[in-house]
Amino acid sequence: NIFRVLGDFSHLASIFILLHKIQQLKSCSGISFKSQVLYMLVYITRYLDLPWTSSPYNFIFKVLFISSELYIIYLMARAYKPTNDPNLDTFHVEFLLGFAGLLALLFPYKYTILEVFWAFSIWLESVAILPQLFMLQRTGEAEAMTAHYIAALGMYRALYIPNWIYRYFSEPTHKVDTIAVTAGILQTILYSDFFWIYYTKVMRGEKFKLP
Amino acid sequence: KEKVQGHDEL
């Protein structure tokens, strides 16, 4: 449905905004490398079922997300490594990995490799933006492109919420994916303060600065 | 029963 398609394209747009920023400005300053690595982990653990993906739409997006994320990590770790400042990217990702790992082991739908990794990926994605938001907090401001990147990334999962509501009411056979919905709501909440600042500042064409 | 047969969302 439209919400999900808009969400997936918003996700894709966020990746291209980020790629554009890094290549245009020849710098990955202001971008959290840790968050990008977490997203890489999210895609790998979620798309283990890539080979037998039924819908071509999903297949294409999965390939796009994995390949573009690999390229972003290459750019940040190799091509533009000098512009990477690890002293600003100091969030303890082990807490996030522990959080996702624990929930994946406690409440998977089924104790199979695929399902446990899938649950891990969903929970990890819900908190993967924290290093990036933490870095933003520390620097106190961000380039407009970085703000647009985070906004598009936040919008993607936010749009999945109406998608789930729509599916709940329109597809009688649809069972609510409680893990995805819970994590999706948590993820969107984590973006809420960013969205507020983004809306009040950037929409007025001002530079993105924390109050 | 939770939806399990493969996840149809990204």
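Excluded from the calculations below are hydrogen atoms, water molecules and symmetry mates; all remaining heavy atoms, backbone and side chain alike, are included. Just so it is clear, the model here is predicted, and its values are computed rather than measured.
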Flag yes if more than 12 heavy atoms outside [X] fall under 6.0 Å of its [atom1] atom; otherwise flag no.
X	atom1	answer
A:Ile113	CD1	no
A:Tyr80	OH	yes
A:Phe169	CZ	no
A:Phe195	CZ	yes
A:Gln23	CD	yes

Do A:His11 and B:Leu10 have side chains that approach each other closer than 4.5 Å (heavy atoms only, starting at C-beta)? no

If I measure from the heavy atoms of chain B, does A:Asn58 come under 4.5 Å with its side chain, its backbone, both, or neither? both

Under 4.5 Å to a heavy atom of chain B? For A:Tyr47 that would be side chain

Result for side chain to side chain contact (heavy atoms under 4.5 Å, CB included) between B:His7 and one of A:Thr53, A:Asp177, A:Ile122 points to A:Asp177

How far apart are the C-alpha atoms of A:His174 and B:Asp8, what are their side-chain angles, what is the distance that settles it, and do they pass the side-chain contact (heavy atoms from CB on, under 4.5 Å) test? CA-CA 11 Å; A:His174 179 63; B:Asp8 62 354; 5.5 Å; no

Assess whether a salt bridge exists between A:Arg46 and B:Glu9, defined as any Lys/Arg side-chain N lying under 4.0 Å from an Asp/Glu carboxylate O. no

